[in-house]
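For reference, the structure is listed below as C-alpha cells.
Basis for what follows: all heavy atoms, side chains included, without hydrogens, waters or symmetry-related copies.
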Amino acid sequence: MRETQDRPGKPRHSRRGRARQTMVLLALLGMTPGCASLSRDVLYSPHNKAAVTRWVGAPPQTISVTTKDHLALTGYYWPGAPGDPDIFVMFHGRNWNAEMNANAAQHLAGTGNAVLAASYRGFGANPGRPSEDGLMTDASAFIAKAGDLAGPGARIWLIGHSLGSSVALHAAAREPDIAGVIAMSVFVRIAAAAPKISRAFIPDRWDNREALKAIKVPVLFVQGDLDRLVPKTSADTLFAAYSGPSSLVTGVASRHNPDMALLSPWLNRVIEAMRADPHAAVPKPPTGWLEKVHRP
C-alpha cells in the first residue's frame with residue numbers, strides 16, 4: 001500500500017488513531033449496531049427543557065392523546081367559535097416541544113377556528129424516543145383528537161414548520177378527511193437539511209416529494225428567502241412536483257422561523273379561501289410576502 005506524506009506543519013496521526021476517529025463518527029451517526037436511536041437523538045434533537053409560555057390572549061387547554069402504541073402525549077388546544085368546524089393542527093420542527101409549538105400556534109387562535117398544537121414522543125415531557133414511524137403514529141393520534149374536538153363535519157387543516165411540514169405532508173398522504181396543508185420552511189428530504197457529513201447515515205428519510213404523490217388536497221408552501229437551514233429551492237422543487245391545487249408564497253426578509261404573529265391572520269383567511277374554492281389563488285399575503293406561483 002502506498003503511504004501518503006503528512007502535510008508540512010501538521011502533526012502525524014497513526015492509522016490506528018484515524019481508524020478510532022472513524023469508528024467514533026460512525027457510532028455517532030448510527031452505523032454500528034444498536035446506535036440508530038442515538039443517531040435519531042442527534043437528528044431530532046428533541047427539546048426537553050421546560051419552555052416559558054407567554055400567552056397573548058386566552059391561554060389554551062392542556063390536552064392528552066394516546067397513541068396506538070400506548071404513549072400518552074401532551075398538546076395544547078384553543079376552542080373555536082361554536083358551530084365552526086375548522087381546526088388547525090400544528091406540528092413543530094426539531095429541537096422544539098409542545099410548549100414552544102403552542103407559543104407559535106397561539107397566534108392562529110381567536111378568529112373562530114380551533115387550534116391544536118401537537119407534539120411528539122420524546123419531545124418535552126412526552127415519553128418514548130422519536131423516529132419517522134413514531135412521529136407519524138403521534139400525528140395520527142392528534143388528528144383523531146382534532147376530529148373529536150371539532151365535532152361532526154370537522155374540517156382539519158394541517159400546518160407544519162420544517163420537520164413539522166414533513167409530518168403534515170405525510171399525514172395528509174395517509175389520513176382521510178384532511179382539508180388542506182400549509183407547509184412552512186419545508187425540505188425535500190431530511191438529508192438535504194442535515195450537515196453533509198451525516199447525510200449518508202440518517203436512518204429516516206422523510207421524503208416529501210414521495211408523500212405529495214398521495215395528496216389530493218390544496219397545499220400552500222411558505223418559504224423564507226433568507227432561510228439558511230433549508231435549501232431555499234426546496235419549496236420550488238416540491239411545488240413543481242405536486243400536481244394538485246397549490247401556491248408558493250415567499251418572504252423576502254423571512255428566515256427559517258416565520259413570524260407567526262404576522263402570518264396567522266392571513267393563514268386564517270387562506271383556509272377560508274381554500275374552503276370556498278380549492279383552486280383559487282390565496283388572499284394577498286402580508287407586507288414582505290408574495291405569491292410567487294399558483295397552480296389551480
Side-chain angles (χ1 to χ4, degrees), residues 45 47 51-57 88-97 99-111 113 115 117 157-169 180-196 206 208-209 212 218-242 245-274 280-295:
S45 298
H47 197 293
V52 177
T53 50
R54 298 182 178 89
W55 308 125
V56 296
F88 284 107
V89 184
M90 184 163 175
F91 298 105
H92 63 76
R94 66 188 295 275
N95 199 31
W96 275 34
N97 59 26
E99 291 74 27
M100 297 169 75
N101 195 29
N103 270 331
Q106 66 177 316
H107 299 287
L108 293 166
T111 62
N113 300 318
V115 179
W157 305 85
L158 305 184
I159 179 169
H161 173 245
S162 194
L163 170 66
S165 289
S166 294
V167 176
L169 290 170
V181 181
I182 299 168
M184 302 185 294
S185 306
V186 63
F187 47 75
V188 178
R189 289 182 60 180
I190 199 166
K196 289 183 179 180
W206 291 111
N208 293 325
R209 186 157 40 190
L212 285 169
V219 178
L220 169 63
F221 300 99
V222 179
Q223 179 66 45
D225 284 344
L226 302 183
D227 193 336
R228 296 184 178 181
L229 298 181
V230 170
K232 62 182 300 182
T233 58
S234 297
D236 296 89
T237 299
L238 292 174
F239 177 87
Y242 186 49
S246 52
S247 291
L248 170 57
V249 173
T250 60
V252 294
S254 182
R255 301 184 185 275
H256 186 67
N257 294 330
D259 183 349
M260 289 301 293
L262 174 67
L263 290 180
S264 290
W266 171 68
L267 292 173
N268 276 287
R269 295 195 300 272
V270 165
I271 69 168
E272 291 177 8
M274 287 181 175
V282 298
K284 183 180 179 180
T287 301
W289 292 81
L290 58 89
E291 186 178 51
K292 182 178 180 180
V293 63
H294 170 71
R295 179 184 298 110

* To do: Quick one: do Arg255 and Asp227 satisfy side chain to side chain contact (heavy atoms under 4.5 Å, CB included)? Show the steps, please.
  => CA-CA 4 Å; Arg255 301 184 185 275; Asp227 193 336; 5.8 Å; no
Considering all heavy atoms, the nearest [X]-[Y] contact:
X      : Y      : value
Asn95  : Met100 : O-CE, 3.9 Å
Glu291 : Pro285 : N-CG, 3.9 Å
Ile182 : Ile271 : CD1-CG2, 4.3 Å
Ser234 : Val186 : CB-O, 3.1 Å
Pro283 : Ala273 : CD-CB, 3.9 Å
Ala105 : Val115 : O-CG1, 3.8 Å

About how many Å separate [atom2] of [Y] and [atom1] of [X], when rounded to the nearest 0.5 Å?
X      : Y      : atom1 : atom2 : value
Gln223 : Ser185 : CD    : OG    : 5.5 Å
Leu158 : Phe88  : CG    : CZ    : 10.5 Å
Met90  : Ser264 : CE    : OG    : 7.5 Å
His92  : Asn97  : NE2   : CG    : 6.5 Å
Ser254 : Leu226 : OG    : CG    : 7.5 Å

Evaluate the side-chain proximity of [Y] to [X]: yes if any heavy-atom separation is below 4.5 Å, no if none is.
X      : Y      : answer
Asn208 : Val188 : no
Leu263 : Pro286 : yes
Asn113 : Leu108 : no
Val270 : Trp157 : no
Pro258 : His161 : yes
Val167 : Trp206 : yes
Val230 : His256 : yes
Leu163 : Phe91  : no

* To do: Measure the acute angle between the ring planes of Tyr242 and Phe221, then classify it against the limits of 30° and 60° as parallel, tilted or perpendicular.
  =>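 Perpendicular.
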* Are the side chain of Ser247 and the backbone N or O of Leu220 linked by a donor-acceptor pair below 3.5 Å? ->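 Absent.
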* Please confirm whether the backbone N or O of Val56 pairs with a side-chain atom of Gln106, one donor and one acceptor, at under 3.5 Å? =>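 Yes: the side chain of Gln106 pairs with the backbone of Val56.
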* To do: Dump the intermediate steps for side chain to side chain contact (heavy atoms under 4.5 Å, CB included) on Val282 and His294, then the final yes or no.
  => CA-CA 8 Å; Val282 298; His294 170 71; 5.8 Å; no
* To do: Would you sort out whether Leu267 and His107 count as a side chain to side chain contact (heavy atoms under 4.5 Å, CB included), showing the intermediate values?
  => CA-CA 10 Å; Leu267 292 173; His107 299 287; over 6 Å; no
* Asked: In this structure, are over 12 heavy atoms from other groups packed under 6.0 Å from Arg209 atom CZ?
  ->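 For Arg209, atom CZ is not crowded (no more than 12 foreign heavy atoms under 6.0 Å).
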* Is there a side chain to side chain contact (heavy atoms under 4.5 Å, CB included) between Phe187 and Leu229 once you walk through the steps? -> CA-CA 9 Å; Phe187 47 75; Leu229 298 181; over 6 Å; no
* Trp289: what forms a ring pair (Phe, Tyr, Trp, His ring centres under 6.0 Å) with it, not counting sequence neighbours? ->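 Partners of Trp289 by the ring pair (Phe, Tyr, Trp, His ring centres under 6.0 Å) criterion come out as none, since no residue qualifies.
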